[in-house]
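Each chain gets a letter, A, B and so on, in the order the sequences are listed, and its residues count up from 1. If you're wondering where the values come from, they're calculated on a predicted model, not measured in any experiment.
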Number of protein chains: 2
Amino acid sequence: MDSKTLSLYFSLFNEIGIIEQLSRTLFESQLPDGFLMSHFSVLNHLIRVQDGQTPLKLAQAFQLPKTTMTHTLSVLEKHGLIEMRPNPKDGRSKCVWLTTKGQDFRNEAIEKLAPFLATLAEQFPPEAVNQLVPGLTEIRQFMDKQRD
Amino acid sequence: MDSKTLSLYFSLFNEIGIIEQLSRTLFESQLPDGFLMSHFSVLNHLIRVQDGQTPLKLAQAFQLPKTTMTHTLSVLEKHGLIEMRPNPKDGRSKCVWLTTKGQDFRNEAIEKLAPFLATLAEQFPPEAVNQLVPGLTEIRQFMDKQRD
DNA sequence: TGTTTTTAGTGCGATATCGTACTATACAGT
DNA sequence: ACTGTATAGTACGATATCGCACTAAAAACA
């Protein structure tokens, strides 16, 4: 692979890294003090996808180490935003359930983020996003297969 | 903004977050023990873009807090991968220079990453990346303007 | 059924990341 | 030149993230 092509792929991951950084900072500025993107992401996922998932499922959904998810969940639980109950199907496992407080927290965050997303949508309309996401998904799926 | 559109934009940032996570894990698995993406990124940037930049410039390039960059640079300097010299044009500032050891470190990392990138290129050719990057750049630039 | 292997979650220690507050220098306005 | 303001870098403390090692339960298998 020539160095120019190499550079292209690096710029891809670099661009992604910067957007991740910027979006995280921006999102976090809209969250209550002491809360981070990681906290919001989990709550949002529980609503968007499914309630009652296991910690492992959540860790896999974000491709994070189990141990990181354990920590994040413990913070959410300490604040009463989620409940951890034993998994009736597996004695080793648990299920993560949103509390009403957790749902409210997420909805309020969404409301705070809405103006920003609306502004983004003006310059970068949904059709443009639709054109972008499949490519990203393809890359993600490839990288998913690679890690072994 | 209806909830479906909202969901679309969240999935965009979610996908980006997961790719960031996956690429970081993958890249770090190819680095010597104790080194992280952040370390490699700085070295790579110093070669790809320009040697002798100030810490602030570097922080801005990655959109990271100054204080994070200070820490990263101190690690790199401790390992002899960079040198920090006073900025002749500004008494408050410094300039970051790569050492030979730092260049070697970066080049060896690149070599280790090359096979992965080559495999990625098979499934996701440079033309596809070229099609993706401008959209990402546009989003980044928009977010850049937003933070104020 | 007893044994071995795999898997879910966690405790712990090391380091990264980040916000706040501070110092020293540069710059702007007078 | 003098004074007030802005800027570059850092020290420090709090928390996040992560790898490793461990426990307990499940699953595989003899």
Considering only distance and modelled atom types, tabulate donor-acceptor pairs under 3.5 Å from the side chains of residues 74-82 of chain B, sequence neighbours left out.
{"unit_1": "B:Ser74", "atom_1": "OG", "unit_2": "B:His71", "atom_2": "O", "d": "2.7"}
{"unit_1": "B:His79", "atom_1": "ND1", "unit_2": "B:Val75", "atom_2": "O", "d": "3.0"}

task: Please report the shortest heavy-atom distance between B:Ser93 and B:Thr54, naming the atom on each side.
output: OG-CG2, 3.4 Å
query: Tell me, which pairs form a ring-ring contact (aromatic ring centres under 6.0 Å, His included) where one or both residues lie in residues 12-34 of chain B, sequence neighbours left out?
result: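 Passing the test, one end in residues 12-34 of chain B: A:Phe13-B:Phe27, A:Phe27-B:Phe13.
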Residues which pass ring-ring contact (aromatic ring centres under 6.0 Å, His included) with A:His45, listed by chain and number, not counting sequence neighbours: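 Listed in chain order: A:Phe62.
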query: Of all residues at least two apart in sequence or in a different chain, which pass the side-chain contact (heavy atoms from CB on, under 4.5 Å) check with A:Asp104?
result: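 Partners of A:Asp104 by the side-chain contact (heavy atoms from CB on, under 4.5 Å) criterion, ordered by chain and then number, come out as A:Thr100, A:Glu108.
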task: Sequence neighbours left out, what passes side-chain contact (heavy atoms from CB on, under 4.5 Å) with A:Pro65? Give chain and number order.
output: A:Thr67, A:Thr68, B:Gln21
query: If you walk 5' to 3' along DNA chain C, what is the first nucleotide with an atom under 4.0 Å of a heavy atom in chain A, and what is the last?
result: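 In short, chain A contacts DNA chain C from C:dT7 to C:dC18.
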message: Could you work out how much the helix from C:dT1-D:dA30 to C:dT30-D:dA1 bends, comparing the axis of its first five pairs with that of its last five, to 10°?
response: 40°
Side-chain atoms of residues 113-127 of chain B: list all donor-acceptor pairs with protein atoms under 3.5 Å, sequence neighbours left out, distances to 0.1 Å.
{"unit_1": "B:Thr119", "atom_1": "OG1", "unit_2": "B:Pro115", "atom_2": "O", "d": "2.8"}

task: Spell out protein contact along nucleotides 7-13 of chain D as letters: B when the base is contacted, S when just the sugar-phosphate is, - when no protein heavy atom is under 4.0 Å; keep the 5' to 3' order.
output: BBBBBB-
field: Distance in Å, A:Gln63 CD paired with B:Ile18 CD1, rounded so as to fall on 0.5 Å steps
entry: 6.5 Å
field: B:Leu58 side, atom CG; B:Leu73 side, atom CG - distance, nearest 0.5 Å
entry: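 So the CG of B:Leu58 and the CG of B:Leu73 are separated by 6.0 Å.
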Distance-only check: which donor-acceptor pairs under 3.5 Å involve side-chain atoms of residues 29-42 of chain A, not counting sequence neighbours?
{"unit_1": "A:Ser29", "atom_1": "OG", "unit_2": "A:Leu26", "atom_2": "O", "d": "2.6"}
{"unit_1": "A:His39", "atom_1": "ND1", "unit_2": "A:Leu36", "atom_2": "N", "d": "2.8"}
{"unit_1": "A:Ser41", "atom_1": "OG", "unit_2": "A:Met37", "atom_2": "O", "d": "2.8"}

- prompt: When you measure from every atom of DNA chain C, which of residues 20-53 of chain B have a heavy atom less than 4.0 Å away?
  reply: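 By residue number: B:Leu36, B:Ser38, B:His39.
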- request: List in chain and number order the residues that pass side-chain hydrogen bond (donor to acceptor under 3.5 Å, both in side chains) with A:Arg48, two or more places apart in sequence or in another chain; answer none if no residue qualifies.
  value: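 So A:Arg48 forms no side-chain hydrogen bond (donor to acceptor under 3.5 Å, both in side chains) with any residue.
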task: Please answer whether the main-chain N or O of B:Phe10 pairs with a side-chain N or O of B:Asn14 as donor and acceptor at a distance below 3.5 Å.
output: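 No, because the side chain of B:Asn14 does not come within donor-acceptor range (under 3.5 Å) of the backbone of B:Phe10.
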